[in-house]
Amino acid sequence: METVLSVRPRELTFEVGVGAPIVTKLALESKLDEELAFKVKTTHPRRYVVRPNAGVLKPREAIAIEIAMETVTELPPDMAACKDKFLLQVSKTAGRETLPSSEFWATVPPEKVIQQKFKVFLTTASPANPPAAPAPAALSAPAPAPASAPAAAPAAPTAPPPAPAATAPAPPPAPAPAPAAAPAAPPAPPASLS
């Protein structure tokens, strides 16, 4: 295949995320001064959409084929051992490029078809890690705000009046223990986040 067409990548990897689009690309580049017909098949046509799934490459032309996996509501059970495969078939057009795809491929002798198979690998999408890091930073940022909230009486009335009134008298009797003010601070951030 490499003498006729450059194909990248050699394996198809899909980063699967619940509710997120799952797309990968297959890059084709003709190495010939002749037109090439191509088509892409899969063992699991209900799971994938291939665009374009067939066409003609002009001499030395490069294209990207987009392969989209259906959006999932939960991770597929075959994540670790996916058996899905794709097949790329290529043939010189030899003046038959105007035929509809199905008619063209019916006229091509099997020995004139160049094929390449692709295994499918499913991996878990990794955007969950970046949001986890900002969450602790957000919790540490509200902690200083509650420290100023006991000094400011308006912050306490925004929370339910009975609970802030009970916490407000407790800090004045023990002003020296700064740690007592810090434990009161964690309940305040959830109230401000709500």
Side-chain angles (χ1 to χ4, degrees), residues 1-139 193:
M1 173 93 47
E2 283 297 318
T3 59
V4 174
L5 191 69
S6 172
V7 182
R8 299 284 180 268
R10 297 262 181 213
E11 300 169 335
L12 297 175
T13 302
F14 293 86
E15 288 190 14
V16 180
V18 174
I22 308 164
V23 179
T24 194
K25 293 194 183 221
L26 185 62
L28 308 180
E29 183 177 359
S30 172
K31 293 185 173 183
L32 298 180
D33 292 325
E34 303 175 55
E35 291 186 341
L36 294 172
F38 70 90
K39 71 176 175 177
V40 180
K41 297 178 175 182
T42 181
T43 56
H44 204 319
R46 291 182 184 251
R47 185 181 241 183
Y48 303 97
V49 175
V50 181
R51 290 199 179 114
N53 67 340
V56 175
L57 284 171
K58 296 188 183 330
R60 308 285 178 184
E61 181 182 17
I63 65 162
I65 296 174
E66 186 175 276
I67 304 171
M69 184 178 169
E70 67 183 346
T71 305
V72 296
T73 56
E74 60 185 38
L75 294 179
D78 63 346
M79 282 287 293
C82 182
K83 295 185 180 181
D84 298 347
K85 293 179 183 74
F86 282 83
L87 176 66
L88 171 64
Q89 295 181 314
V90 178
S91 181
K92 294 178 182 177
T93 60
R96 295 171 295 186
E97 63 276 355
T98 58
L99 290 176
S101 183
S102 60
E103 288 181 36
F104 171 82
W105 289 102
T107 66
V108 178
E111 65 273 5
K112 298 285 185 180
V113 177
I114 303 168
Q115 302 185 117
Q116 183 171 335
K117 293 179 182 177
F118 298 88
K119 289 183 178 179
V120 172
F121 294 93
L122 304 179
T123 62
T124 306
S126 57
N129 294 339
L139 292 177
L193 293 174

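Here the structure is a predicted model, which means the values were calculated and not measured.
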Partner residues of Arg10 under the side-chain hydrogen bond (donor to acceptor under 3.5 Å, both in side chains) criterion, sequence neighbours left out: Glu2
Non-neighbouring partners of Ser101 that pass side-chain hydrogen bond (donor to acceptor under 3.5 Å, both in side chains), sequence neighbours left out: none
Qualifying residues under side-chain contact (heavy atoms from CB on, under 4.5 Å), relative to [X], sequence neighbours excluded:
| X | result |
| --- | --- |
| Val50 | Val40, Asn53, Ile65, Ile67, Phe86 |
| Lys41 | Lys39, Leu87, Gln89 |
| Lys92 | Leu32, Glu34, Leu36 |
| Val108 | Ser91, Arg96, Phe104, Trp105, Lys112, Val113 |

Starting at [atom1] of [X], measure out to [atom2] of [Y] and round the result to the nearest 0.5 Å.
| X | Y | atom1 | atom2 | value |
| --- | --- | --- | --- | --- |
| Thr43 | Lys117 | OG1 | NZ | 11.0 Å |
| Ser30 | Glu35 | OG | CD | 9.5 Å |
| Thr24 | Phe121 | OG1 | CZ | 12.5 Å |
| Thr42 | Leu88 | OG1 | CG | 12.5 Å |
| Thr3 | Ile114 | OG1 | CD1 | 6.0 Å |

Any pair counted as ring-ring contact (aromatic ring centres under 6.0 Å, His included), so long as it reaches residues 16-41, sequence neighbours left out: none
Selection residues 49-72 - residue pairs positive for ring-ring contact (aromatic ring centres under 6.0 Å, His included), sequence neighbours left out: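 Residue pairs passing ring-ring contact (aromatic ring centres under 6.0 Å, His included), neighbours aside: none found.
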Heavy-atom side-chain contact between Met69 and Pro21 under 4.5 Å: no
Within-4.5 Å side-chain heavy-atom neighbours: Leu28 and Leu57: yes
side-chain contact (heavy atoms from CB on, under 4.5 Å) between Met79 and Thr124, worked out: CA-CA 8 Å; Met79 282 287 293; Thr124 306; 3.6 Å; yes
Check [X] against [Y] and note the closest heavy-atom contact, atom names and distance.
| X | Y | result |
| --- | --- | --- |
| Pro52 | Ala64 | CD-O, 4.3 Å |
| Leu122 | Pro76 | CD1-CG, 4.4 Å |
| Pro9 | Leu26 | O-CD1, 3.8 Å |

Main-chain N/O of Thr13 paired with Thr123 side-chain donor or acceptor, under 3.5 Å: no
Neighbour count >12 (heavy atoms, 6.0 Å) for atom NZ, Lys31: yes
Pairs where residues 60-83 contributes a residue and the test side chain to side chain donor-acceptor pair (under 3.5 Å) is met, not counting sequence neighbours: Asp33-Arg60, Arg47-Asp78
Phe14: ring-ring contact (aromatic ring centres under 6.0 Å, His included) partners, not counting sequence neighbours: Tyr48
side-chain contact (heavy atoms from CB on, under 4.5 Å) between Val7 and Met1, worked out: CA-CA 8 Å; Val7 182; Met1 173 93 47; 4.2 Å; yes
Partner set under salt bridge (charged side-chain N to carboxylate O under 4.0 Å, His left out) for Lys58, not counting sequence neighbours: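 Testing Lys58 for salt bridge (charged side-chain N to carboxylate O under 4.0 Å, His left out), a comparison that skips the adjacent residues, returns none.
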